2 protein chains.
Amino acid sequence: MRLSSDVTNRLTASGIRLTRQREEVLAVLMQKRDHPTAVEVFIRSKKHMPTISLATVYNCLDALVASGLVKQVNLDRAPTRYCANLLDHSHFFCEECGAVHDIETPVHQPWTLPAGYLVKQAEVTFRGRCPACINKNLSNL
Amino acid sequence: MRLSSDVTNRLTASGIRLTRQREEVLAVLMQKRDHPTAVEVFIRSKKHMPTISLATVYNCLDALVASGLVKQVNLDRAPTRYCANLLDHSHFFCEECGAVHDIETPVHQPWTLPAGYLVKQAEVTFRGRCPACINKNLSNL
DNA sequence: AACGAGATCAAGAATAATTCTAATTAAGTA
DNA sequence: TACTTAATTAGAATTATTCTTGATCTCGTT
């Protein structure tokens, strides 16, 4: 699979080599954007690259996160999930079906923090019920 | 230690019994607001209640979170930390010293989500460097 | 194209966080 | 007080993540 030069540039800019394994892990994340866990990425990667190991998947994810190509999604006491959406966005967690959806951030929020803080990253996570689950329950009445 | 009736009310309103262990765990979280992990809460609780077990600490934290008295703080691939601040606020993680600070949310942001989502909770987490670490580095020059 | 240095990988062991199990104890209620 | 149910304890079990070591690959230089 051919990745855009944007991706390769971003990796090399972070001093990170583009290896077949990292390419594969990134491809998995771009293919199905359902925010898989490391183990799920591992299972999917093995289909095309049967020799890849779980430790390597973790290493690749670390490298991709460090380069800014991948974001981690942290939910309550659940395994970390990963996301290849480069656009500025936040996450919605459906407590009924467990899905995580990307939410395009409409406006860049002007956070007002107390003086003296240097903010490098802001992360917004919503929790509730997704449209599919709300509809499903309505039709059950 | 005597807890305010507000707390007891909130617990019973959630159908959760107020036990000595839950009282102790909550007291620990209110005493030092440094967002400890479950294991840290366990260690601190043992000082006043030597027989408490780690499983109980987890159970108590679950109960307190369910009642809304305690919030979980999720950071990248780190153990979950806990927070007893009832006021609407967000969290700042200092990537230099590892501290987590409560940030009073200045304005309630009017989130605009796509239609059909039911949002029950919104969580904002910042990452960067805290005032103390920025000052420390300046004085090292 | 071959070479060497350093980064990366694979496999499995090790660690750490969290959950589960089963027996005992405590809380709320008649 | 006796009963019923929920909560606690201790330790085993599970799960997520990290570490270790030797083999392999990549890249920049010949």
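All values below come from the heavy atoms of this structure, side chains included, with hydrogens, waters and symmetry mates left out. Everything numeric here is computed off the predicted structure, so don't read it as measured data. Just so we're on the same page: letters track the sequence lines, and every chain starts at 1.
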Atom pairs under 3.5 Å, N or O on each side, protein against nucleotides 16-22 of chain C: can you list them with distances?
residue: C:dT18; atom: OP1; partner: B:T80; partner atom: N; Å: 3.2
residue: C:dT18; atom: OP1; partner: B:T80; partner atom: OG1; Å: 3.1
residue: C:dT18; atom: OP2; partner: B:Y58; partner atom: OH; Å: 2.7
residue: C:dT18; atom: O5'; partner: B:Y58; partner atom: OH; Å: 3.3
residue: C:dT19; atom: OP2; partner: A:R77; partner atom: NE; Å: 3.3
residue: C:dT19; atom: OP2; partner: A:R77; partner atom: NH2; Å: 2.5

Please round to the nearest 0.5 Å and tell me the distance separating atom [atom1] of [X] and atom [atom2] of [Y].
| X | Y | atom1 | atom2 | result |
| --- | --- | --- | --- | --- |
| A:L26 | A:L64 | CG | CG | 5.5 Å |
| A:L18 | A:Q21 | CG | CD | 10.5 Å |
| B:R127 | B:D76 | CZ | CG | 4.5 Å |
| A:E95 | A:C130 | CD | SG | 10.5 Å |
| A:H48 | A:E23 | NE2 | CD | 12.5 Å |

I want to check one thing: is the phosphate of [N], taken as OP1 and OP2, less than 4.0 Å away from some side-chain N or O of [X]?
| X | N | value |
| --- | --- | --- |
| A:T56 | C:dA10 | yes |
| B:R20 | C:dA27 | yes |
| A:Q21 | D:dC25 | no |

Expressed as a whole number of angstroms, how long is the span from [X]:[atom1] to [N]:[atom2]?
| X | N | atom1 | atom2 | answer |
| --- | --- | --- | --- | --- |
| A:E24 | D:dC25 | CD | P | 17 Å |
| B:L64 | D:dA7 | CG | C1' | 13 Å |
| B:R22 | C:dA26 | CZ | C1' | 11 Å |
| A:K46 | C:dA10 | NZ | P | 11 Å |

TODO: Tell me what B:T19 touches on the nucleic acid: a base, only sugar-phosphate, or nothing, going by heavy atoms under 4.0 Å.
DONE: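 B:T19: backbone/sugar contact only, no base atoms under 4.0 Å.
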Task: Backbone of A:E96 reached by a side-chain donor or acceptor of A:R129 within 3.5 Å - done: no
TODO: Kindly point out which of D:dC27, C:dA10, D:dA10 is positioned nearest to the side chain of A:T51?
DONE: C:dA10
Open item on the list: Please identify which of these residues, A:H35, A:R33, A:K71, meets the side-chain hydrogen bond (donor to acceptor under 3.5 Å, both in side chains) condition with A:D102.
Closed with: A:H35
Task: Axis-to-axis angle between the two ends of the helix from C:dA1-D:dT30 to C:dA30-D:dT1 (five base pairs per end, rounded to 10 degrees) - done: 40°
Open item on the list: Check for me whether the distance between the ring centres of B:Y117 and A:F126 falls short of 6.0 Å.
Closed with: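 Between B:Y117 and A:F126, the centre distance exceeds or equals 6.0 Å.
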TODO: Output the rest of the hydrophobic cluster of B:F93: all Ile, Leu, Val, Met, Phe, Trp and Tyr residues reachable through side-chain heavy-atom contacts under 4.5 Å, sorted by chain and number.
DONE: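 ILVMFWY cluster around B:F93 also holds B:V73, B:L75, B:V100.
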Task: B:V57 or B:R17, whichever maps to the more 5' nucleotide of DNA chain D - done: B:R17
